[in-house]
Amino acid sequence: MDFKKYVIDNLVSLTGLERETIENAVEVPPDEKMGDLAFPCFPLAKVMRKAPPLIAKELAEKFPAGGAVAKVEQAGGYLNFFFDRALFAAEVVDGIKAAGADWGRSDLGGGRKVLVEYSSPNIAKPFHIGHLFSTAVGNSLARIYKHLGYSVESLNHLGDWGTQFGKLICAYKRWGDREVIEKDPINELLKIYVKFHEEAEKDPALDEEARGYFKKLEDGDEETTALWKYFKDISLVEFNRVYDMLGVRFDSYNGEAFYSDKMDEVVEILRDKGLLTESDGAQVVDLSELNMPPCIILKSDGATIYATRDIAAALYRHRTYDFYKNIYVVGTPQALHFKQIFAVMKKAGWDWSEGCEHVNFGLVKLPGKSMSTRHGDVVFLEDVLNESIEKTKAIIKENNPDMEDIDEKSKKIGIGAILYTFLKNSREKDIVFSWESMLDFEGESAPYCQYSYARGRSILRRAADIDYSDADMSKAVSDEEYTLLKQLNAYGDAVKDAAERNEPFYVNRYVTNLAKSFNKFYNTNPIMKGDVDEETKKARLAITDAVCTVIKSALYLLGIETVESM
RNA sequence: GCGCCUGUAGUUUAGCCGGAUAAAAUGUGGGAUUCCGAUUCCCAAGACCGCAGGUUCGAAUCCUGUCAGGCGUACCA
């Protein structure tokens, strides 16, 4: 039985209002004591020409007694509904038991294709803490869309093309030493890259030389191509090590280079449609009517630019996947760039470009400065993850010296803690990096949720020989139990909200609140201890089981793993 | 200069398609556990929601102005 639907159905027949009006008006009261659902009667005042409290009072009297709704109350201009707790509890617990990890899943997506482009690090540069924002958000969104029945492709749009490679090749030719690089690839490449920028400031001719190398690369010169390939290979080894730690997988690693031979067509199409104009020697699409700077398609030297590549990529993706949504999880600083290329695609008459969406996020800053690869001001992601794992290990050893599989557990908990901090607030907020806050496991954190799960599992292990599959849920109607059950029921809504706004933090907040309610529940409602009667014990075990299922599922959507004990 | 975003308890944030006492965490001060594992739970203090106007029965939420900060503003990505 759908409790909300039951309330709405009755309100529709009682008031004679449009179903949609009622659906939009019905809300969850700010305080549980006020009820489970509320109907504000204010909008009815004008139509019915009566004071809201009076309307509420009349409706309360007319509302059918019994069934899913145990009690209806008038409170000021509000009509408050209280569900039948036992009925509700049985409904939720049975639902979760039947659905398992699929609880909260829906067919909203109907198999439609959603592309999520995320992570997208630059080859030959360190995978730093800033990249985790895109990686964590993108990975989570991919899982959330899957949960909602979409067919998802995870795309890693590697930064493996562009003038920067001219710079790197130039730097390598001058100061590179293959043997040194083999030992610590990314660090050494970063060193010569930083040196390049330092030297280029003194000698601008270096920039010219770098552009020359990139031109050679674009023209397919053998030696430079071999170098480029070498940089890419050693970089991917490093990146994959981090992705393995994070449990992140991609369906495609087609980066910018992949689209390098697909840009001519884009240029031709835009030219044919009469969209290209010359400006200061460059070929651009004028966007002044949209109050935007022009979008450069070909630089004055005839070379392509990232806008060209992104448009080529979008066209390729449309042809390859016929996507419903094409999501770019890329930082806010590139907001204008995406607005521009989306505008160009629209002008080109590509209706499908409506499905393109830039999901932006804030900056990860170092205290007092921005992170800058050029200046070498970076914090390596791998270092942060390892530090977090070490800290977790120390905590476990202190609390529980005999714990098994400490290494594996520390990894899941330590990495979960880092992921959590990137997924706990709305995306657009900047994150100021500090070891202290990054390694803070107190309060709202992944370890808090993981601990709740582990405790729940521990209790279930103790109850291994009890069959609670036929639990009488009318034994589980305390406030704590009821609160918990309502939250379990709301899982699907949290996932939908997260997808609707492309904000994983809705799931994060959901699972944290669920864990909190569970902690309170088992602190106030004994399960396996004391003289709890058998029927109550079964009902509480059934709830505990359901909670564990949902915590695990929700954490999975965030890319965070669970442990059976910690 | 112009565009976009942000400004809510000491700190980090939620709430922002208007509604019932502005919600959490952390920090601070107190308390619970003869322990289903204390990485737990409970209580308290703490906010003129940047500022000023306006719309409305009602504004943290919408509009206007203003101040502060961030990002962007054509041949890097």
Side-chain angles (χ1 to χ4, degrees), chain A residues 24-25 27 29-31 34 38 40 42-43 45 52 75-78 80 120 122 157 159 161-164 166-167 207 256 279-285 287 291-307 309-310 330-337 339-340 360 362-363 365 370 374 392 395-396 398-400 413 417 421 424-426 428-432 437 440-452 454-456 458-463 505-506 509 512-513 515-516 518-530 532 537 540-541 544 565-566:
Chain A
N24 289 333
E27 61 190 27
D31 190 324
M34 296 171 175
F42 306 96
Y78 288 87
N80 292 334
S120 310
N122 288 326
H157 192 72
W161 207 245
T163 318
Q164 52 178 333
K167 293 178 181 178
D207 280 321
E256 297 179 357
S279 173
D280 294 340
Q283 293 292 315
V284 307
V285 176
L287 298 171
N291 201 20
M292 278 188 264
C295 182
I296 295 181
I297 301 298
L298 289 177
K299 299 193 281 189
S300 49
D301 64 359
T304 58
I305 190 166
Y306 63 113
R309 282 191 280 281
D310 272 347
V330 180
T332 301
Q334 294 196 49
L336 178 60
H337 162 70
K339 266 176 82 177
Q340 286 179 306
N360 63 329
L363 260 44
K365 297 174 172 172
S370 303
R374 286 189 208 178
T392 306
I395 294 173
I396 293 180
E398 194 184 313
N399 294 329
N400 213 334
I413 297 165
T421 66
K424 71 174 170 183
N425 295 142
S426 51
E428 295 196 33
K429 297 266 189 222
D430 290 344
I431 292 179
V432 176
S437 68
D440 184 6
F441 297 170
E442 298 300 311
E444 295 174 338
S445 67
Y448 178 89
C449 300
Q450 289 164 320
Y451 176 77
S452 302
R455 282 298 295 272
S458 162
I459 292 169
L460 291 174
R461 277 195 296 276
R462 283 178 149 256
F505 92 86
Y506 282 96
R509 193 175 48 183
T512 305
N513 285 332
K516 198 181 300 178
F518 178 62
N519 289 337
K520 185 165 182 170
F521 157 70
Y522 74 68
N523 262 285
T524 45
N525 296 266
I527 302 170
M528 293 298 289
K529 73 171 173 182
V532 182
K537 188 182 283 183
R540 289 178 180 167
L541 284 168
T544 301
S565 62
M566 63 190 270

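Lettering follows sequence order; numbering is per chain, from 1. The shown structure was predicted, so the numbers you read here are calculated from the model rather than taken from an experiment.
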Per nearest nucleotide of RNA chain B, the residue lying toward the 5' end, A38(A) or D440(A), is A38(A)

Does S426(A) make a side-chain N or O approach to OP1 or OP2 of rA14(B) shorter than 4.0 Å? yes

Checking all strands, does N400(A) fall into the base, sugar-phosphate, or nothing category for heavy-atom contacts under 4.0 angstrom? base

For K339(A) and rC71(B), give me the distance from atom NZ to atom P, rounded to whole Å. 18 Å

Atom CD of E444(A) and atom CG of N513(A): how far apart are they, to the nearest 0.5 Å? 7.5 Å

Please enumerate all residues that pass salt bridge (charged side-chain N to carboxylate O under 4.0 Å, His left out) together with D430(A), with sequence neighbours excluded. K365(A)

At 4.0 Å (heavy atoms only), tell me whether N513(A) reaches a base, stays on the sugar-phosphate, or touches nothing. nothing

Measure from NZ on K516(A) to P on rC41(B) and round the result to the nearest Å. 9 Å

Starting at atom CD1 of I459(A), determine the distance to atom P of rC41(B), rounded to an integer number of angstrom. 13 Å

For rA74(B), does either OP1 or OP2 sit under 4.0 Å from a side-chain N or O belonging to Y306(A)? no

What's D310(A) touching, base or sugar-phosphate or nothing? Going by heavy atoms closer than 4.0 Å. nothing

Looking only at atom C1', what distance separates rG72(B) and rA25(B), rounded to whole Å? 33 Å

Can you tell me how far C1' in rA24(B) sits from the matching atom in rA9(B), rounded to whole Å? 11 Å

With a 4.5 Å limit on heavy-atom distance, are the side chains of H337(A) and D310(A) in contact? yes

Could you give the distance separating rU11(B) and rU28(B) at their C1' atoms, to the nearest angstrom? 12 Å

Answer yes or no: is there a side-chain heavy-atom contact under 4.5 Å between F42(A) and Y78(A)? yes

Please determine, for the side chain of P333(A), which listed nucleotide (rC71(B), rG37(B), rA74(B)) has the closest atom? rC71(B)

If you measure from the P atom in rC41(B) to the same atom in rG27(B), how many Å do you get, rounded? 13 Å

Below the 4.0 Å mark, does rC41(B) have OP1 or OP2 next to a side-chain nitrogen or oxygen of Y448(A)? yes

Between I395(A), I413(A), T392(A), which is the residue that forms a side chain to side chain contact (heavy atoms under 4.5 Å, CB included) with P447(A)? I413(A)

Can you check whether K429(A) has a side-chain N or O nearer than 4.0 Å to OP1 or OP2 of rG7(B)? yes

Between rA77(B), rU39(B), rU40(B), spot the one nearest the side chain of Q164(A), thanks. rA77(B)

Could you tell me whether P30(A) contacts a base, only the sugar-phosphate backbone, or nothing, with contacts defined as non-hydrogen atoms closer than 4.0 Å? base

Given rU21(B), rU12(B), rU26(B), which nucleotide is nearest the side-chain atoms of E442(A)? rU26(B)

Separation between CD1 (I297(A)) and CD (Q340(A)), nearest 0.5 Å, reads 9.0 Å

Base, sugar-phosphate or nothing for A282(A)? Non-hydrogen atoms, less than 4.0 Å. base

Looking only at side-chain N and O atoms, does N519(A) offer a donor or acceptor that is under 3.5 Å from a partner on Y451(A)? no

What distance separates R462(A) CZ from L460(A) CG, expressed to the nearest 0.5 Å? 12.0 Å

So what does F518(A) hit on the nucleic acid, given a heavy-atom distance under 4.0 Å: a base, only sugar-phosphate, or nothing? nothing

Looking for any heavy atom pair under 4.0 Å, which part of the strands does A463(A) touch: base, sugar-phosphate only, or nothing? nothing

Should T332(A) be listed as having a side-chain N or O under 4.0 Å from OP1 or OP2 of rC71(B)? no

Integer-rounded Å distance: rG37(B) P and I396(A) CD1: 17 Å

Between rU39(B), rU13(B), rG37(B), which one does the side chain of A454(A) approach most closely? rG37(B)

When you compare rG7(B) with rC49(B), how far apart are their C1' atoms, in angstrom units rounded to a whole number? 10 Å

NA contact type, I305(A), heavy-atom cut-off 4.0 Å: base, sugar-phosphate, or nothing? sugar-phosphate

Calculate the interatomic distance between F505(A) atom CZ and rA24(B) atom C1'; express it in whole Å. 12 Å

Y451(A) has a side chain; which of rG72(B), rA24(B), rU40(B) sits nearest to it? rU40(B)

To the nearest 0.5 Å, what is the distance between OG on S300(A) and CD on Q283(A)? 10.5 Å

Atom OH of Y78(A) and atom P of rA20(B): how far apart are they, to the nearest Å? 5 Å

Applying a 4.0 Å non-hydrogen cut-off, can you work out what I527(A) is touching in the nucleic acid: base, sugar-phosphate, or nothing? base

How far, in whole Å, is rU64(B) from rU26(B) if one measures between their P atoms? 39 Å

Within the pair N519(A) and rC41(B), is there a side-chain N or O less than 4.0 Å away from OP1 or OP2? yes

When you measure from the side chain of E256(A), which nucleotide among rU73(B), rA77(B), rC41(B) comes out closest? rA77(B)

Which whole number of Å gives the distance between the P atom of rU61(B) and that of rG46(B)? 24 Å

Looking for any heavy atom pair under 4.0 Å, which part of the strands does Q334(A) touch: base, sugar-phosphate only, or nothing? base

Just by modelled atom types, is the A454(A) backbone N or O under 3.5 Å from a matching donor or acceptor in the S458(A) side chain? no

Test for a donor-acceptor pair under 3.5 Å between the base of rA74(B) and the side chain of S279(A), counting only N and O atoms. yes

Starting at atom NZ of K424(A), determine the distance to atom C1' of rA23(B), rounded to an integer number of angstrom. 16 Å

Closer to the 5' end of RNA chain B via nearest nucleotide, is it M566(A) or M34(A)? M34(A)

How far does CE of M566(A) sit from CD1 of I396(A), to the nearest 0.5 angstrom? 6.5 Å

Measuring to OP1 and OP2 of rA24(B), would you say a side-chain N or O of R509(A) lies under 4.0 angstrom away? no

Length of the line joining L363(A):CG and rA77(B):P, which is rounded to integer Å: 19 Å

When pairs are called at under 3.5 Å and a stem needs at least three consecutive Watson-Crick or G-U pairs, the stems of RNA chain B are B:1-7 with B:67-73, B:10-13 with B:23-26, B:28-32 with B:40-44, B:50-54 with B:62-66

What integer number of Å spans the P atoms of rA20(B) and rC62(B)? 15 Å

So R462(A), base contact, sugar-phosphate only, or nothing? Heavy-atom distance under 4.0 Å. sugar-phosphate

